[in-house]
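In the text below, chain A, chain B and the rest are named by the order of the sequence lines, each starting its count at 1.
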Number of protein chains: 2
Amino acid sequence: MAPEKARRRPVQARAQVTYDAILQATAQVLVAEGFDKASTNRIAKVAGVSVGSLYQYFGNKEGVFTALIDQVCDEQIALLQGMAGAMLAAPLPVAARAYVEALLATHERDRAMHEAISQQAAHLGLPGLRRVQAESRRVVRRYLEAHADAILPTNLDLAAFALVGMVQGMVDSAFFCEGAAAWPGLAEEICRVVLRYLLGHDAAPA
Amino acid sequence: MAPEKARRRPVQARAQVTYDAILQATAQVLVAEGFDKASTNRIAKVAGVSVGSLYQYFGNKEGVFTALIDQVCDEQIALLQGMAGAMLAAPLPVAARAYVEALLATHERDRAMHEAISQQAAHLGLPGLRRVQAESRRVVRRYLEAHADAILPTNLDLAAFALVGMVQGMVDSAFFCEGAAAWPGLAEEICRVVLRYLLGHDAAPA
DNA sequence: ACATAATGTGAGCCACCACTCACGTTCAAG
DNA sequence: CTTGAACGTGAGTGGTGGCTCACATTATGT
(Lines give C-alpha, C1' and ligand atoms only; values in the text may rest on other atoms or scores of the structure.)
Protein backbone atom coordinates (compact mmCIF):
# COMPACT_ATOMS: atom_id res chain seq x y z
CA MET A 1 0.00 0.00 0.00
CA ALA A 2 2.41 2.61 1.17
CA PRO A 3 4.76 3.70 -1.60
CA GLU A 4 7.91 1.81 -0.65
CA LYS A 5 11.28 3.25 -1.40
CA ALA A 6 13.33 1.78 -4.19
CA ARG A 7 15.53 -1.06 -3.13
CA ARG A 8 18.62 0.14 -4.89
CA ARG A 9 19.56 3.16 -6.98
CA PRO A 10 21.28 2.45 -10.30
CA VAL A 11 24.93 3.50 -10.12
CA GLN A 12 26.56 1.76 -13.04
CA ALA A 13 25.62 2.62 -16.61
CA ARG A 14 24.04 -0.75 -17.41
CA ALA A 15 21.88 -0.44 -14.31
CA GLN A 16 20.53 2.87 -15.58
CA VAL A 17 19.81 1.23 -18.91
CA THR A 18 17.81 -1.49 -17.13
CA TYR A 19 15.98 1.08 -15.06
CA ASP A 20 15.00 3.14 -18.08
CA ALA A 21 14.00 0.06 -20.04
CA ILE A 22 11.59 -0.92 -17.27
CA LEU A 23 9.89 2.47 -17.22
CA GLN A 24 9.66 2.56 -20.99
CA ALA A 25 8.26 -0.95 -21.11
CA THR A 26 5.71 0.00 -18.47
CA ALA A 27 4.49 2.89 -20.60
CA GLN A 28 4.38 0.70 -23.68
CA VAL A 29 2.44 -2.14 -22.06
CA LEU A 30 0.09 0.32 -20.39
CA VAL A 31 -0.77 1.98 -23.68
CA ALA A 32 -0.83 -1.13 -25.85
CA GLU A 33 -2.44 -3.67 -23.55
CA GLY A 34 -4.11 -1.76 -20.73
CA PHE A 35 -3.58 -1.58 -17.01
CA ASP A 36 -4.76 -5.04 -16.03
CA LYS A 37 -2.37 -6.71 -18.46
CA ALA A 38 0.52 -4.73 -17.03
CA SER A 39 1.85 -7.33 -14.60
CA THR A 40 5.37 -7.06 -13.32
CA ASN A 41 6.28 -10.26 -15.16
CA ARG A 42 4.91 -8.86 -18.44
CA ILE A 43 6.68 -5.54 -17.97
CA ALA A 44 9.96 -7.28 -17.25
CA LYS A 45 9.60 -9.49 -20.32
CA VAL A 46 8.84 -6.51 -22.58
CA ALA A 47 11.74 -4.61 -21.06
CA GLY A 48 13.99 -7.56 -21.83
CA VAL A 49 15.03 -8.07 -18.22
CA SER A 50 14.04 -10.50 -15.50
CA VAL A 51 11.45 -9.85 -12.81
CA GLY A 52 14.21 -9.98 -10.26
CA SER A 53 15.90 -6.98 -11.81
CA LEU A 54 12.66 -5.06 -11.67
CA TYR A 55 12.40 -5.66 -7.94
CA GLN A 56 15.96 -4.47 -7.45
CA TYR A 57 14.97 -0.93 -8.37
CA PHE A 58 11.31 -0.79 -7.38
CA GLY A 59 10.01 -1.91 -4.02
CA ASN A 60 6.77 -3.13 -5.47
CA LYS A 61 4.49 -2.90 -8.47
CA GLU A 62 3.05 0.41 -7.31
CA GLY A 63 6.54 1.87 -7.26
CA VAL A 64 6.98 1.24 -10.95
CA PHE A 65 3.86 3.17 -11.82
CA THR A 66 4.50 6.08 -9.49
CA ALA A 67 8.00 6.41 -10.94
CA LEU A 68 6.56 6.48 -14.44
CA ILE A 69 3.91 9.03 -13.52
CA ASP A 70 6.49 11.22 -11.82
CA GLN A 71 8.62 11.14 -14.94
CA VAL A 72 5.72 12.14 -17.18
CA CYS A 73 4.73 14.95 -14.82
CA ASP A 74 8.28 16.25 -14.73
CA GLU A 75 8.34 16.43 -18.51
CA GLN A 76 5.04 18.27 -18.58
CA ILE A 77 6.22 20.79 -16.00
CA ALA A 78 9.48 21.36 -17.86
CA LEU A 79 7.57 22.06 -21.06
CA LEU A 80 5.32 24.46 -19.19
CA GLN A 81 8.19 26.38 -17.68
CA GLY A 82 10.01 26.56 -20.97
CA MET A 83 6.97 28.09 -22.60
CA ALA A 84 6.49 30.49 -19.74
CA GLY A 85 9.95 31.96 -20.21
CA ALA A 86 9.34 32.63 -23.87
CA MET A 87 5.89 34.10 -23.30
CA LEU A 88 6.22 36.36 -20.27
CA ALA A 89 6.46 39.54 -22.34
CA ALA A 90 4.08 38.48 -25.08
CA PRO A 91 0.73 40.27 -25.46
CA LEU A 92 -2.31 38.56 -24.01
CA PRO A 93 -3.88 37.12 -27.18
CA VAL A 94 -0.59 35.59 -28.21
CA ALA A 95 0.11 34.11 -24.80
CA ALA A 96 -3.41 32.74 -24.48
CA ARG A 97 -3.15 31.15 -27.88
CA ALA A 98 0.21 29.61 -27.07
CA TYR A 99 -1.04 28.14 -23.83
CA VAL A 100 -4.09 26.61 -25.43
CA GLU A 101 -2.16 25.19 -28.34
CA ALA A 102 0.45 23.72 -26.04
CA LEU A 103 -2.15 21.92 -23.98
CA LEU A 104 -3.93 20.63 -27.07
CA ALA A 105 -0.61 19.42 -28.45
CA THR A 106 0.46 17.49 -25.37
CA HIS A 107 -2.94 15.87 -25.20
CA GLU A 108 -2.64 14.86 -28.80
CA ARG A 109 0.87 13.54 -28.35
CA ASP A 110 0.30 11.11 -25.55
CA ARG A 111 -3.41 10.79 -25.37
CA ALA A 112 -3.31 7.04 -24.72
CA MET A 113 -0.66 7.52 -22.09
CA HIS A 114 -2.72 10.02 -20.19
CA GLU A 115 -5.79 7.84 -20.46
CA ALA A 116 -4.01 4.79 -19.13
CA ILE A 117 -2.48 6.77 -16.30
CA SER A 118 -5.67 8.54 -15.35
CA GLN A 119 -7.17 5.09 -15.05
CA GLN A 120 -5.17 4.84 -11.88
CA ALA A 121 -5.10 8.54 -11.22
CA ALA A 122 -7.13 8.63 -8.05
CA HIS A 123 -4.88 6.03 -6.53
CA LEU A 124 -1.41 6.79 -7.79
CA GLY A 125 -1.44 9.76 -10.10
CA LEU A 126 -3.17 12.34 -7.98
CA PRO A 127 -0.07 13.83 -6.35
CA GLY A 128 1.62 14.14 -9.71
CA LEU A 129 -1.36 15.72 -11.40
CA ARG A 130 -1.67 18.12 -8.50
CA ARG A 131 1.94 19.12 -9.00
CA VAL A 132 1.29 19.89 -12.65
CA GLN A 133 -1.78 21.96 -11.87
CA ALA A 134 -0.04 23.83 -9.09
CA GLU A 135 2.89 24.65 -11.34
CA SER A 136 0.50 25.73 -14.10
CA ARG A 137 -1.18 28.13 -11.73
CA ARG A 138 2.16 29.51 -10.64
CA VAL A 139 3.23 30.15 -14.21
CA VAL A 140 -0.07 31.72 -15.18
CA ARG A 141 -0.09 33.86 -12.07
CA ARG A 142 3.35 35.23 -12.87
CA TYR A 143 2.12 36.19 -16.32
CA LEU A 144 -0.98 37.87 -14.89
CA GLU A 145 1.18 39.85 -12.48
CA ALA A 146 3.24 41.18 -15.35
CA HIS A 147 0.06 42.29 -17.12
CA ALA A 148 -1.97 43.24 -14.07
CA ASP A 149 -2.78 46.72 -15.36
CA ALA A 150 -4.35 45.36 -18.54
CA ILE A 151 -6.80 42.86 -17.05
CA LEU A 152 -10.03 42.97 -15.06
CA PRO A 153 -9.46 40.41 -12.27
CA THR A 154 -7.75 41.80 -9.22
CA ASN A 155 -7.45 38.59 -7.22
CA LEU A 156 -4.70 37.03 -9.28
CA ASP A 157 -4.61 33.76 -7.36
CA LEU A 158 -8.26 33.20 -8.03
CA ALA A 159 -7.88 34.27 -11.64
CA ALA A 160 -4.99 31.88 -12.23
CA PHE A 161 -6.98 29.12 -10.62
CA ALA A 162 -9.99 29.81 -12.81
CA LEU A 163 -7.93 30.11 -15.99
CA VAL A 164 -6.04 26.87 -15.56
CA GLY A 165 -9.25 25.07 -14.60
CA MET A 166 -11.37 26.34 -17.44
CA VAL A 167 -8.78 25.75 -20.16
CA GLN A 168 -8.00 22.28 -18.85
CA GLY A 169 -11.72 21.53 -18.69
CA MET A 170 -12.41 22.52 -22.27
CA VAL A 171 -9.35 20.71 -23.59
CA ASP A 172 -10.23 17.58 -21.65
CA SER A 173 -13.79 17.72 -22.91
CA ALA A 174 -12.53 17.96 -26.43
CA PHE A 175 -10.49 14.79 -26.17
CA PHE A 176 -13.09 13.10 -24.07
CA CYS A 177 -15.73 13.58 -26.71
CA GLU A 178 -14.23 11.83 -29.69
CA GLY A 179 -13.73 13.91 -32.76
CA ALA A 180 -14.29 17.18 -30.96
CA ALA A 181 -10.56 17.83 -30.70
CA ALA A 182 -10.46 18.34 -34.44
CA TRP A 183 -13.23 20.94 -34.46
CA PRO A 184 -12.04 23.93 -36.47
CA GLY A 185 -13.14 26.75 -34.17
CA LEU A 186 -12.21 25.06 -30.91
CA ALA A 187 -8.91 26.73 -30.13
CA GLU A 188 -10.34 30.11 -31.12
CA GLU A 189 -13.32 29.61 -28.85
CA ILE A 190 -11.15 28.67 -25.88
CA CYS A 191 -9.09 31.80 -26.43
CA ARG A 192 -12.27 33.86 -26.65
CA VAL A 193 -13.39 32.51 -23.29
CA VAL A 194 -10.05 33.41 -21.76
CA LEU A 195 -9.88 36.89 -23.26
CA ARG A 196 -13.44 37.84 -22.40
CA TYR A 197 -12.75 36.77 -18.84
CA LEU A 198 -9.57 38.77 -18.58
CA LEU A 199 -10.49 41.79 -20.69
CA GLY A 200 -14.28 41.84 -20.74
CA HIS A 201 -14.17 41.96 -24.54
CA ASP A 202 -12.50 40.28 -27.50
CA ALA A 203 -9.00 41.32 -28.40
CA ALA A 204 -8.74 43.88 -31.14
CA PRO A 205 -6.97 42.41 -34.18
CA ALA A 206 -3.52 43.80 -34.84
CA MET B 1 -13.68 -8.21 -21.32
CA ALA B 2 -16.87 -7.67 -23.25
CA PRO B 3 -19.69 -6.49 -20.99
CA GLU B 4 -21.69 -9.66 -20.56
CA LYS B 5 -25.40 -9.50 -20.04
CA ALA B 6 -26.85 -10.20 -16.62
CA ARG B 7 -27.64 -13.82 -16.00
CA ARG B 8 -31.04 -13.23 -14.46
CA ARG B 9 -33.23 -10.23 -13.79
CA PRO B 10 -34.65 -9.89 -10.29
CA VAL B 11 -38.39 -10.51 -10.38
CA GLN B 12 -39.33 -11.17 -6.77
CA ALA B 13 -38.99 -8.51 -4.12
CA ARG B 14 -36.22 -10.23 -2.16
CA ALA B 15 -34.23 -10.59 -5.37
CA GLN B 16 -34.41 -6.85 -5.89
CA VAL B 17 -33.21 -6.36 -2.33
CA THR B 18 -30.22 -8.58 -3.01
CA TYR B 19 -29.48 -6.77 -6.26
CA ASP B 20 -29.59 -3.37 -4.60
CA ALA B 21 -27.52 -4.56 -1.66
CA ILE B 22 -24.79 -5.70 -4.04
CA LEU B 23 -24.61 -2.34 -5.81
CA GLN B 24 -24.64 -0.45 -2.54
CA ALA B 25 -21.92 -2.67 -1.10
CA THR B 26 -19.88 -2.13 -4.24
CA ALA B 27 -20.07 1.62 -3.77
CA GLN B 28 -19.22 1.31 -0.10
CA VAL B 29 -16.21 -0.95 -0.59
CA LEU B 30 -15.01 1.18 -3.48
CA VAL B 31 -15.08 4.33 -1.38
CA ALA B 32 -13.83 2.84 1.88
CA GLU B 33 -11.20 0.39 0.67
CA GLY B 34 -10.35 1.28 -2.90
CA PHE B 35 -10.72 -0.46 -6.19
CA ASP B 36 -8.17 -3.20 -5.77
CA LYS B 37 -9.76 -4.39 -2.53
CA ALA B 38 -13.13 -4.59 -4.24
CA SER B 39 -13.15 -8.29 -5.09
CA THR B 40 -16.40 -10.02 -5.83
CA ASN B 41 -16.02 -12.09 -2.67
CA ARG B 42 -15.50 -8.97 -0.58
CA ILE B 43 -18.45 -7.18 -2.15
CA ALA B 44 -20.68 -10.18 -1.55
CA LYS B 45 -19.60 -10.40 2.08
CA VAL B 46 -20.23 -6.70 2.70
CA ALA B 47 -23.60 -6.98 0.94
CA GLY B 48 -24.45 -9.87 3.24
CA VAL B 49 -25.02 -12.31 0.40
CA SER B 50 -22.98 -15.12 -1.13
CA VAL B 51 -20.78 -14.82 -4.18
CA GLY B 52 -23.11 -17.16 -5.97
CA SER B 53 -25.95 -14.68 -5.65
CA LEU B 54 -23.77 -11.96 -7.09
CA TYR B 55 -23.13 -14.04 -10.18
CA GLN B 56 -26.84 -14.67 -10.59
CA TYR B 57 -27.40 -11.03 -11.47
CA PHE B 58 -24.08 -9.98 -12.93
CA GLY B 59 -22.28 -11.90 -15.64
CA ASN B 60 -18.87 -10.97 -14.26
CA LYS B 61 -17.06 -8.51 -12.05
CA GLU B 62 -17.03 -5.84 -14.72
CA GLY B 63 -20.80 -6.07 -14.91
CA VAL B 64 -21.15 -5.06 -11.28
CA PHE B 65 -19.13 -1.91 -11.80
CA THR B 66 -20.78 -0.89 -15.03
CA ALA B 67 -24.18 -1.34 -13.40
CA LEU B 68 -23.11 0.89 -10.52
CA ILE B 69 -21.68 3.54 -12.81
CA ASP B 70 -24.79 3.51 -14.94
CA GLN B 71 -26.90 4.03 -11.86
CA VAL B 72 -24.83 6.98 -10.69
CA CYS B 73 -24.89 8.54 -14.15
CA ASP B 74 -28.66 8.13 -14.39
CA GLU B 75 -29.08 9.97 -11.11
CA GLN B 76 -26.83 12.77 -12.26
CA ILE B 77 -28.72 13.14 -15.52
CA ALA B 78 -32.07 13.13 -13.76
CA LEU B 79 -30.91 15.91 -11.47
CA LEU B 80 -29.67 17.88 -14.45
CA GLN B 81 -32.92 17.57 -16.34
CA GLY B 82 -34.97 18.47 -13.30
CA MET B 83 -32.98 21.64 -12.87
CA ALA B 84 -33.24 22.45 -16.57
CA GLY B 85 -37.03 22.44 -16.43
CA ALA B 86 -37.07 24.88 -13.57
CA MET B 87 -34.48 27.18 -15.10
CA LEU B 88 -35.41 27.48 -18.77
CA ALA B 89 -37.11 30.83 -18.35
CA ALA B 90 -34.76 32.19 -15.69
CA PRO B 91 -32.47 35.13 -16.53
CA LEU B 92 -28.88 34.34 -17.35
CA PRO B 93 -27.18 35.24 -14.06
CA VAL B 94 -29.66 33.16 -12.11
CA ALA B 95 -29.37 30.16 -14.39
CA ALA B 96 -25.60 30.33 -14.42
CA ARG B 97 -25.50 30.49 -10.68
CA ALA B 98 -27.87 27.54 -10.32
CA TYR B 99 -25.83 25.41 -12.69
CA VAL B 100 -22.58 26.13 -10.92
CA GLU B 101 -24.06 25.55 -7.46
CA ALA B 102 -25.62 22.28 -8.58
CA LEU B 103 -22.32 20.97 -9.89
CA LEU B 104 -20.48 22.03 -6.76
CA ALA B 105 -23.13 20.35 -4.63
CA THR B 106 -23.02 16.99 -6.40
CA HIS B 107 -19.26 17.00 -6.21
CA GLU B 108 -19.47 17.69 -2.51
CA ARG B 109 -22.05 14.99 -1.95
CA ASP B 110 -20.25 12.05 -3.46
CA ARG B 111 -16.73 13.22 -3.92
CA ALA B 112 -15.17 9.92 -2.89
CA MET B 113 -17.56 8.03 -5.10
CA HIS B 114 -16.59 10.03 -8.16
CA GLU B 115 -12.95 9.65 -7.31
CA ALA B 116 -13.17 5.89 -6.98
CA ILE B 117 -15.17 5.57 -10.17
CA SER B 118 -12.91 7.81 -12.18
CA GLN B 119 -10.12 5.52 -11.10
CA GLN B 120 -11.57 3.06 -13.55
CA ALA B 121 -13.03 5.69 -15.83
CA ALA B 122 -10.90 5.03 -18.85
CA HIS B 123 -11.81 1.37 -18.73
CA LEU B 124 -15.42 1.22 -17.59
CA GLY B 125 -16.77 4.65 -16.79
CA LEU B 126 -16.02 6.48 -20.01
CA PRO B 127 -19.31 5.73 -21.77
CA GLY B 128 -21.28 6.79 -18.71
CA LEU B 129 -19.33 10.01 -18.22
CA ARG B 130 -19.75 10.75 -21.90
CA ARG B 131 -23.50 10.34 -21.51
CA VAL B 132 -23.55 12.85 -18.67
CA GLN B 133 -21.49 15.37 -20.63
CA ALA B 134 -23.60 14.95 -23.75
CA GLU B 135 -26.79 15.43 -21.80
CA SER B 136 -25.31 18.49 -20.08
CA ARG B 137 -24.50 20.01 -23.44
CA ARG B 138 -28.01 19.30 -24.69
CA VAL B 139 -29.57 20.99 -21.67
CA VAL B 140 -27.28 23.99 -21.88
CA ARG B 141 -27.84 24.30 -25.60
CA ARG B 142 -31.61 24.39 -25.15
CA TYR B 143 -31.18 27.20 -22.66
CA LEU B 144 -28.92 29.13 -25.00
CA GLU B 145 -31.44 28.76 -27.81
CA ALA B 146 -34.12 30.29 -25.63
CA HIS B 147 -31.84 33.23 -24.90
CA ALA B 148 -30.10 33.43 -28.24
CA ASP B 149 -30.87 37.11 -28.75
CA ALA B 150 -29.20 38.08 -25.49
CA ILE B 151 -25.82 36.40 -25.92
CA LEU B 152 -22.74 36.89 -28.05
CA PRO B 153 -21.95 33.37 -29.33
CA THR B 154 -23.74 32.40 -32.51
CA ASN B 155 -22.55 28.84 -32.79
CA LEU B 156 -24.63 27.42 -29.98
CA ASP B 157 -23.20 23.91 -30.20
CA LEU B 158 -19.71 25.23 -29.74
CA ALA B 159 -20.86 27.56 -26.97
CA ALA B 160 -22.60 24.76 -25.07
CA PHE B 161 -19.51 22.62 -25.46
CA ALA B 162 -17.26 25.37 -24.14
CA LEU B 163 -19.56 26.21 -21.24
CA VAL B 164 -19.93 22.66 -19.98
CA GLY B 165 -16.21 22.08 -20.35
CA MET B 166 -15.07 25.25 -18.61
CA VAL B 167 -17.45 24.93 -15.67
CA GLN B 168 -16.64 21.27 -15.21
CA GLY B 169 -12.95 22.08 -15.39
CA MET B 170 -13.08 24.76 -12.73
CA VAL B 171 -15.26 22.67 -10.43
CA ASP B 172 -13.00 19.67 -10.85
CA SER B 173 -9.94 21.77 -10.13
CA ALA B 174 -11.54 23.05 -6.98
CA PHE B 175 -12.10 19.58 -5.60
CA PHE B 176 -8.86 18.33 -6.96
CA CYS B 177 -6.90 20.95 -5.10
CA GLU B 178 -7.87 20.28 -1.52
CA GLY B 179 -9.46 23.16 0.32
CA ALA B 180 -10.08 25.18 -2.79
CA ALA B 181 -13.71 24.09 -2.93
CA ALA B 182 -14.36 26.14 0.18
CA TRP B 183 -12.90 29.33 -1.28
CA PRO B 184 -15.38 32.12 -0.72
CA GLY B 185 -15.30 33.78 -4.12
CA LEU B 186 -15.14 30.60 -6.16
CA ALA B 187 -18.75 30.26 -7.27
CA GLU B 188 -18.89 33.97 -8.06
CA GLU B 189 -15.76 33.75 -10.14
CA ILE B 190 -17.05 30.80 -12.15
CA CYS B 191 -20.25 32.72 -12.84
CA ARG B 192 -18.19 35.73 -13.90
CA VAL B 193 -16.29 33.59 -16.39
CA VAL B 194 -19.55 32.29 -17.82
CA LEU B 195 -21.25 35.66 -18.03
CA ARG B 196 -18.30 37.46 -19.59
CA TYR B 197 -18.12 34.73 -22.19
CA LEU B 198 -21.82 34.92 -23.00
CA LEU B 199 -22.42 38.66 -22.60
CA GLY B 200 -19.00 40.24 -22.98
CA HIS B 201 -19.50 42.00 -19.65
CA ASP B 202 -20.62 41.35 -16.10
CA ALA B 203 -24.34 41.15 -15.38
CA ALA B 204 -25.89 44.36 -14.11
CA PRO B 205 -27.19 43.85 -10.59
CA ALA B 206 -30.99 43.80 -10.25
C1' DA C 1 44.94 -11.08 -10.26
C1' DC C 2 41.95 -11.03 -6.47
C1' DA C 3 38.23 -9.60 -3.60
C1' DT C 4 34.17 -7.42 -3.21
C1' DA C 5 30.29 -5.11 -4.56
C1' DA C 6 26.93 -4.28 -8.11
C1' DT C 7 23.98 -6.26 -11.26
C1' DG C 8 21.17 -9.82 -13.47
C1' DT C 9 18.49 -14.31 -13.57
C1' DG C 10 14.09 -17.06 -13.53
C1' DA C 11 11.87 -21.08 -11.49
C1' DG C 12 8.77 -21.28 -8.05
C1' DC C 13 6.14 -20.10 -3.78
C1' DC C 14 2.04 -18.40 -1.95
C1' DA C 15 -1.85 -15.78 -1.60
C1' DC C 16 -5.63 -14.16 -3.76
C1' DC C 17 -9.40 -13.89 -6.85
C1' DA C 18 -12.92 -14.62 -10.53
C1' DC C 19 -16.08 -17.78 -11.22
C1' DT C 20 -18.75 -22.57 -10.86
C1' DC C 21 -21.81 -26.00 -9.30
C1' DA C 22 -24.33 -29.13 -6.71
C1' DC C 23 -27.28 -28.54 -3.34
C1' DG C 24 -30.65 -26.19 0.07
C1' DT C 25 -34.58 -22.69 0.72
C1' DT C 26 -38.53 -19.73 -0.33
C1' DC C 27 -42.03 -18.29 -3.17
C1' DA C 28 -46.30 -18.38 -6.27
C1' DA C 29 -49.66 -20.68 -8.93
C1' DG C 30 -53.18 -24.23 -9.53
C1' DC D 1 -50.45 -29.60 -0.82
C1' DT D 2 -47.81 -30.08 -4.53
C1' DT D 3 -44.80 -28.79 -7.86
C1' DG D 4 -41.60 -26.25 -10.16
C1' DA D 5 -39.39 -22.05 -10.71
C1' DA D 6 -36.96 -18.40 -8.58
C1' DC D 7 -33.69 -17.49 -5.21
C1' DG D 8 -29.73 -18.28 -2.18
C1' DT D 9 -25.48 -20.77 -0.59
C1' DG D 10 -20.34 -21.32 0.01
C1' DA D 11 -16.73 -24.69 -0.41
C1' DG D 12 -14.02 -25.54 -4.14
C1' DT D 13 -11.24 -25.03 -8.68
C1' DG D 14 -8.25 -23.25 -11.94
C1' DG D 15 -5.48 -19.67 -12.95
C1' DT D 16 -2.84 -15.68 -12.19
C1' DG D 17 0.40 -12.50 -10.49
C1' DG D 18 3.26 -10.22 -6.97
C1' DC D 19 7.31 -11.15 -5.06
C1' DT D 20 11.54 -14.00 -3.25
C1' DC D 21 15.84 -16.18 -3.18
C1' DA D 22 19.69 -18.85 -4.22
C1' DC D 23 22.69 -18.49 -7.69
C1' DA D 24 25.31 -16.61 -12.03
C1' DT D 25 27.57 -12.83 -14.24
C1' DT D 26 29.85 -8.42 -14.72
C1' DA D 27 32.07 -4.33 -13.06
C1' DT D 28 35.28 -1.73 -9.76
C1' DG D 29 39.07 -0.82 -6.59
C1' DT D 30 43.62 -2.22 -5.11
Worksheet entry | B:N155: side chain to side chain donor-acceptor pair (under 3.5 Å) partners, not counting sequence neighbours | none

Fill in: Axis-to-axis angle between the two ends of the helix from C:dA1-D:dT30 to C:dG30-D:dC1 (five base pairs per end, rounded to 10 degrees)
20°

Worksheet, complete the sentence: Sorted by chain and residue number, the side chain to side chain donor-acceptor pair (under 3.5 Å) partners of B:N41 (sequence neighbours excluded) come out as none

Worksheet item: Could you give the CZ-to-C1' distance, from A:F58 to C:dG8, as a whole number of Å?
Response: 15 Å

Worksheet, complete the sentence: Heavy-atom contacts, protein to nucleotides 7-18 of chain D, under 4.0 Å, summarised as B (base), S (sugar-phosphate only) or - (none) per nt, yield BBBB------SB

Discussion item. A:E108: which residues meet the side chain to side chain donor-acceptor pair (under 3.5 Å) condition with it, sequence neighbours left out?
Written reply: none

Expected list for residues 68-96 of chain B: side-chain donor-acceptor pairs under 3.5 angstrom, two or more places apart:
residue, atom, partner, partner atom, Å
B:D70, OD1, B:R131, NH1, 3.4
B:D74, OD1, B:R131, NH2, 2.3
B:Q81, NE2, B:E135, OE2, 3.0

Worksheet item: Residues two or more places apart in sequence or in another chain: which of them pass ring pair (Phe, Tyr, Trp, His ring centres under 6.0 Å) with B:F176?
Response: none

Worksheet item: Going by the salt bridge (charged side-chain N to carboxylate O under 4.0 Å, His left out) test, which pairs reach into residues 96-105 of chain A, not counting sequence neighbours?
Response: A:R97-A:E101, A:R97-A:E188

Worksheet, complete the sentence: Residues passing the ring pair (Phe, Tyr, Trp, His ring centres under 6.0 Å) test with B:F161, sequence neighbours excluded, are A:W183

Restricting both atoms to N or O, compile the protein contacts to nucleotides 1-4 of chain C shorter than 3.5 Å, with distance only.
none

Item to complete: Only pairs at least two apart or in different chains count here, so list each ring-ring contact (aromatic ring centres under 6.0 Å, His included) that has a residue in residues 63-84 of chain B.
Response: B:F35-B:F65

Discussion item. Tell me every residue that passes side chain to side chain donor-acceptor pair (under 3.5 Å) with A:R137, counting only those two or more places apart in sequence or in another chain.
Written reply: A:Q133

